[in-house]
Amino acid sequence: MDEKPIMGIIGGSGLYSMNGLSDVQSLEVETPFGRPSAPIVTGKLAGKPVAFLARHDIGHHISPTEVNYRANIYAMKALGVTRIVSISACGSLREELPPGHIVIPDQIYDHTHRRERSFFGGGLVAHVSTADPVCPQLSAQLLEAVQTTGADVHAGGALITIEGPRFSTRAESNVFRAWGMSMIGMTASPEAFLAREAEICYAIMAHVTDYDVWHVSEAPVTVEMVIRTLLANTAVAQQAVAELVDRLPTPKTCTCEHALADALITSPGHISPDARARLDLLVGKYYPS
């Protein structure tokens, strides 16, 4: 596409396309980390260029662990995306966050163990700060956009990412509650951390589909329960994204686009040629040739 997308949207369970796109193109993007989950669909929403990616591909045949998160984020970066909104399903670990509501979390706990978590390594080391793992400015803007739809939406909360693909046991769910977690999902990690390494603003629109398995008066979570709630919320998600896009771009007050400024530790003369070639898109401004 001629214009760089002002926002990337990564759709999770139940959201495999974006209504309202015009000038649609489907792009196959190759990356040093393999192919993204699906072709990236670009087009115009509210008259502005955006990029959409189905996290689990059309037909949902890629499990949370099998998602190539590095390729997905790298491909967005290669297209010039500077902001990403993730739309995903989550279970509630709190009574006050019932199914059907939407949460814009401000914290993430990574409880996965089988995923590639970083672009770095193999000849170039970086230690990026993720104390606040989502972009506060984009999250606030997303909250305002969801509020315009009339949906029940909550600001803040800690989202724990489990490996999956199975749902939790009751013991696990109650431990997560005791830890202070608000929601549970399977895809925020490492996606949010890779976006930070790529210096892309990242926010999450988490759709509460169930009470996980801790709630004694509610049925344990099932796939049917998740999909039913997500389908009911699809229109809300698309309306909120369109509203957010209509308000962008705005001047950035966050520091996401400088996340690597104090994170890179490898001396320029010791970066391997392979690492430089693989990561130049991310670090070229800090290690000019």
Side-chain angles (χ1 to χ4, degrees), residues 1-60 62 67-88 104 119 134-135 137-139 141-142 145-146 187-188 190-207 234-250 252 254 256-257 259 280-282 284:
M1 61 187 307
D2 296 332
E3 299 177 87
K4 292 182 179 180
I6 66 166
M7 193 171 78
I9 304 105
I10 300 180
S13 304
L15 187 65
Y16 309 117
S17 63
M18 277 298 299
N19 287 344
L21 280 180
S22 61
D23 302 331
V24 175
Q25 298 181 55
S26 181
L27 305 178
E28 296 280 358
V29 182
E30 295 289 340
T31 85
F33 302 95
R35 301 182 69 179
S37 296
I40 295 182
V41 176
T42 62
K44 289 192 174 181
L45 189 64
K48 298 177 182 178
V50 299
F52 177 85
L53 174 64
R55 183 185 288 115
H56 304 284
D57 203 357
I58 307 303
H60 202 120
I62 304 174
V67 171
N68 191 340
Y69 296 96
R70 293 193 297 180
N72 289 352
I73 298 299
Y74 190 100
M76 287 286 190
K77 180 74 172 181
L79 291 177
V81 169
T82 59
R83 296 175 174 91
I84 289 176
V85 167
S86 162
I87 302 171
S88 62
I104 314 298
F119 291 114
V134 295
C135 175
Q137 183 184 18
L138 184 59
S139 294
Q141 292 169 330
L142 179 58
V146 176
T187 57
E191 193 172 88
F193 307 120
L194 292 166
R196 179 61 53 81
E197 288 187 346
E199 301 187 319
I200 298 173
C201 298
Y202 182 91
I204 302 170
M205 187 195 306
H207 292 256
T234 294
V236 170
Q238 293 178 334
Q239 183 181 344
V241 167
E243 177 67 25
L244 178 58
V245 169
D246 189 49
R247 298 177 179 207
L248 294 177
T250 54
K252 288 192 175 185
C254 63
C256 301
E257 62 185 337
D280 187 65
L281 177 69
L282 308 183

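Residue indices begin at 1 and follow the sequence shown. Computed from a prediction, not measured in an experiment: that's the story for all the values here.
Side-chain atoms of His207 do not come within 3.5 Å of backbone N or O of Ser88 as any donor-acceptor pair. At distances below 3.5 Å, at least one donor-acceptor pair connects side-chain atoms of Glu197 with backbone N or O atoms of Phe119. Panel note: side chain Lys4, backbone Val81; no donor-acceptor pair is recorded below 3.5 Å. Side chain of Asp57 to main chain of His60: no donor-acceptor pair is present (N/O by atom type, distance under 3.5 Å, no hydrogens or angles).
You'll find the side chain of Pro5 stays beyond 4.5 Å of the side chain of Met76, heavy atoms only. Contact of the Lys77 side chain with the Glu199 side chain is registered, since non-hydrogen atoms from C-beta on lie closer than 4.5 Å. Here the side chains of Ile40 and Leu79 are in contact, with some heavy-atom distance below 4.5 Å. In this structure, the side chains of Leu244 and Gln141 come closer than 4.5 Å at one or more pairs of heavy atoms. Between Glu243 and Arg247 there is a side-chain heavy-atom pair separated by less than 4.5 Å. Under the 4.5 Å side-chain criterion, counting only non-hydrogen atoms from C-beta, Val24 is not in contact with Thr42. Within the 4.5 Å cutoff, no side-chain heavy atoms of Ile87 are placed close to those of Ile10.
Checking each of Ile104, Val241, Ile204 against Leu142 for a side chain to side chain contact (heavy atoms under 4.5 Å, CB included) leaves exactly one that passes, namely Ile104.
Scanning both residues, Cys135 and Leu138, for their nearest heavy atoms gives SG-N, 3.4 Å. Here the closest non-hydrogen pair linking Tyr202 and Ala192 is CE2-CB, 3.5 Å. Residues Gln137 and Cys254 approach most closely at OE1-N, 3.6 Å, considering heavy atoms. Considering all non-hydrogen atoms of both residues, Arg83 and Pro249 come closest at NH1-CB, 4.1 Å. Residue Cys256 comes nearest to Cys201 through the heavy atom pair CB-SG, 3.7 Å, listed as atom of the first residue, atom of the second, then distance. Between Ile73 and Ile84, the closest heavy-atom pair is CD1-CD1, 3.8 Å.
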Identify every side-chain donor-acceptor pair in residues 31-39 under 3.5 Å, counting partners at least two apart or on other chains, and give the distances.
unit_1	atom_1	unit_2	atom_2	d
Thr31	OG1	Phe33	N	2.9
Thr31	OG1	Gly34	N	3.2
Thr31	OG1	Gly34	O	2.6
Arg35	NH2	Glu28	OE1	2.5
Ser37	OG	Arg55	O	2.7
Ser37	OG	Asn72	OD1	3.4
Ser37	OG	Asn72	ND2	3.0

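Atom OH in Tyr74 sits 11.5 Å away from atom CD in Glu30 (nearest 0.5 Å). To the nearest 0.5 Å, atom CG of residue Leu21 and atom CG of residue Leu45 are 5.5 Å apart.
For the residue pair Thr82 and Glu257, no side-chain donor N or O sits within less than 3.5 Å of a side-chain acceptor on the partner.
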Verdict with reasoning, Leu53 to Ile9, per side-chain contact (heavy atoms from CB on, under 4.5 Å)
CA-CA 6 Å; Leu53 174 64; Ile9 304 105; over 6 Å; no
